[in-house]
Amino acid sequence: MDDLKQRLVDVAKRCGADLVGVAPAARFAADDPVFRIYPNVKSVVALVFRCLRGSYRGTEEGTTYYQYTTMSVENLEETVMPIALVRAANLLEAEGYTAVPQRRHQTILESKDGMNPEVAYDAITRDRPQEPQMHFIDAAVQCGVGEKGFHGALLTDDYGPFQRVCFILTDAVLEADPVVEPHLCDTCGACVKGCPGRCVDPESGTIDEWRCAVYYNGANGTKNPFMPPTAFPGFEDRLQIIAGEAEISPEKARRILDEIYFYPPAQHSYTCSICGRACDVACYCHLEEKGVLKKKFKTPFRTRPEWKFQLADFR
């Protein structure tokens, strides 16, 4: 490993990054957003941060629900990752190279009709031009830190789908890491079955983002201990909504989200995940059961069948 890259990796890891990978700009298509963001980019650096396995524990047990959102979304995105980005970028710029930090802007979407389930829908501005944003998972794959799972999540050998990623675009030519040969995802369908809102297409793995927003926020009453029995009184298909079986358009999703007030949000417009990223958890449990994850724990994540309430409780 060349000296500059080694120092970059060392700084990033001292600041909390768990994995660092580098891709040459030549790996990206000519129309990739990285070139619109920084036309002179020579290297793309990925910084990966684990989501604590324990932050998913409360949702698994049905006890505390704020830990995943505050610790594995909000705190990582707003505190830990920006600090590491700035420190690593400072190193590159101290050496005379340009370093363009790239973290997710939660309210900038690739499509004006899209949705980010992690934030309030009315925080997203859709009536003005959107600036380019990287394809985060695809870029991470090009940087050699992991592979793309069936439902679109980044999968790594240590943490499965439990991580988040940010980037630095730089004109420094850094030693590249090889692209990982896919070996974790076996298209088992656990992510499809694990979703409480049937948001993952079983054929393509595509996620319906508006539907995901509804069930990420807790519209499935059989998995939401905070939902009152009389939830969604203005909907004729309220029981289908509560069961995760209703047809949901973007307009209907907005109406449903306006009525999901059962649990307080986090800060920075982040909404609290009641599903606890059930698709990722199901994927993680499958990978752990297969024994393919390098990071081992004293006990398995899932030790008993999943709990759920009965739909009859809402009739």
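Between Lys290 and Asp186, at least one side-chain N (NZ, or NE/NH1/NH2) sits under 4.0 Å from a carboxylate O, which counts as a salt bridge. For the pair Glu61 and Arg57, the salt-bridge criterion is met [side-chain N within less than 4.0 Å of a carboxylate O]. Under 4.0 Å is where a charged nitrogen must lie from a carboxylate oxygen, and between Glu95 and Arg7 at least one such pair does. Between Arg277 and Glu118 there is a salt bridge, since a side-chain N of the basic residue sits under 4.0 Å from a carboxylate O of the acidic one.
Between the side chains of Tyr270 and Glu78, at least one donor N or O lies within less than 3.5 Å of an accepting N or O. Between the side chains of Thr156 and Gln163, at least one donor N or O lies within less than 3.5 Å of an accepting N or O. The closest side-chain donor-acceptor pair between Gln142 and Asp138, if any, does not fall under 3.5 angstrom. Side-chain contact, Tyr284 with Arg53: a donor N or O sits under 3.5 Å from an acceptor N or O.
Each ring pair (Phe, Tyr, Trp, His ring centres under 6.0 Å) pair with one or both residues in residues 178-221, not counting sequence neighbours, would appear here, but there are none.
Using cut-offs of 30° and 60° for the angle between ring planes, the Phe167 and Phe136 rings count as perpendicular.
Cluster membership check: Leu257 shares its hydrophobic cluster with Phe226, using side-chain heavy-atom separations under 4.5 Å among Ile, Leu, Val, Met, Phe, Trp and Tyr.
Once rounded to the nearest 0.5 Å, the distance linking CD of Glu147 with CG of Leu184 reads 4.0 Å. Taking CZ from Phe301 and CZ from Phe162, the interatomic distance works out to 5.5 Å, rounded to the nearest 0.5 Å. Rounded to the nearest 0.5 angstrom, Ile207 CD1 and Cys195 SG are separated by 7.5 Å. A distance of 10.0 Å separates CG of Asp18 from CG of Leu47, quoted to the nearest 0.5 Å. From Cys272, atom SG reaches atom CD1 of Ile260 across 11.5 Å, with rounding to the nearest 0.5 Å.
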Please report the C-alpha distance between Phe314 and Met227 in whole Å, then the side-chain angles of each, then the deciding distance to 0.1 Å, and finally whether the side-chain contact (heavy atoms from CB on, under 4.5 Å) criterion is met. CA-CA 9 Å; Phe314 300 92; Met227 184 182 288; 3.7 Å; yes
Is there a side-chain contact (heavy atoms from CB on, under 4.5 Å) between Gln67 and Tyr56? Walk through the geometry before answering. CA-CA 7 Å; Gln67 298 292 4; Tyr56 300 85; over 6 Å; no
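Paired with Tyr121 under the rule side chain to side chain donor-acceptor pair (under 3.5 Å), one option of Asn217, Asp258, Thr271 passes, and it is Asp258.
Environment of NZ in Lys294: sparse, with no more than 12 heavy atoms of neighbouring residues, nucleotides or ligands closer than 6.0 Å.
A donor-acceptor pair is defined here as one N or O able to donate and one able to accept, closer than 3.5 Å; no such pair exists between the side chain of Asp237 and the backbone of Ala246.
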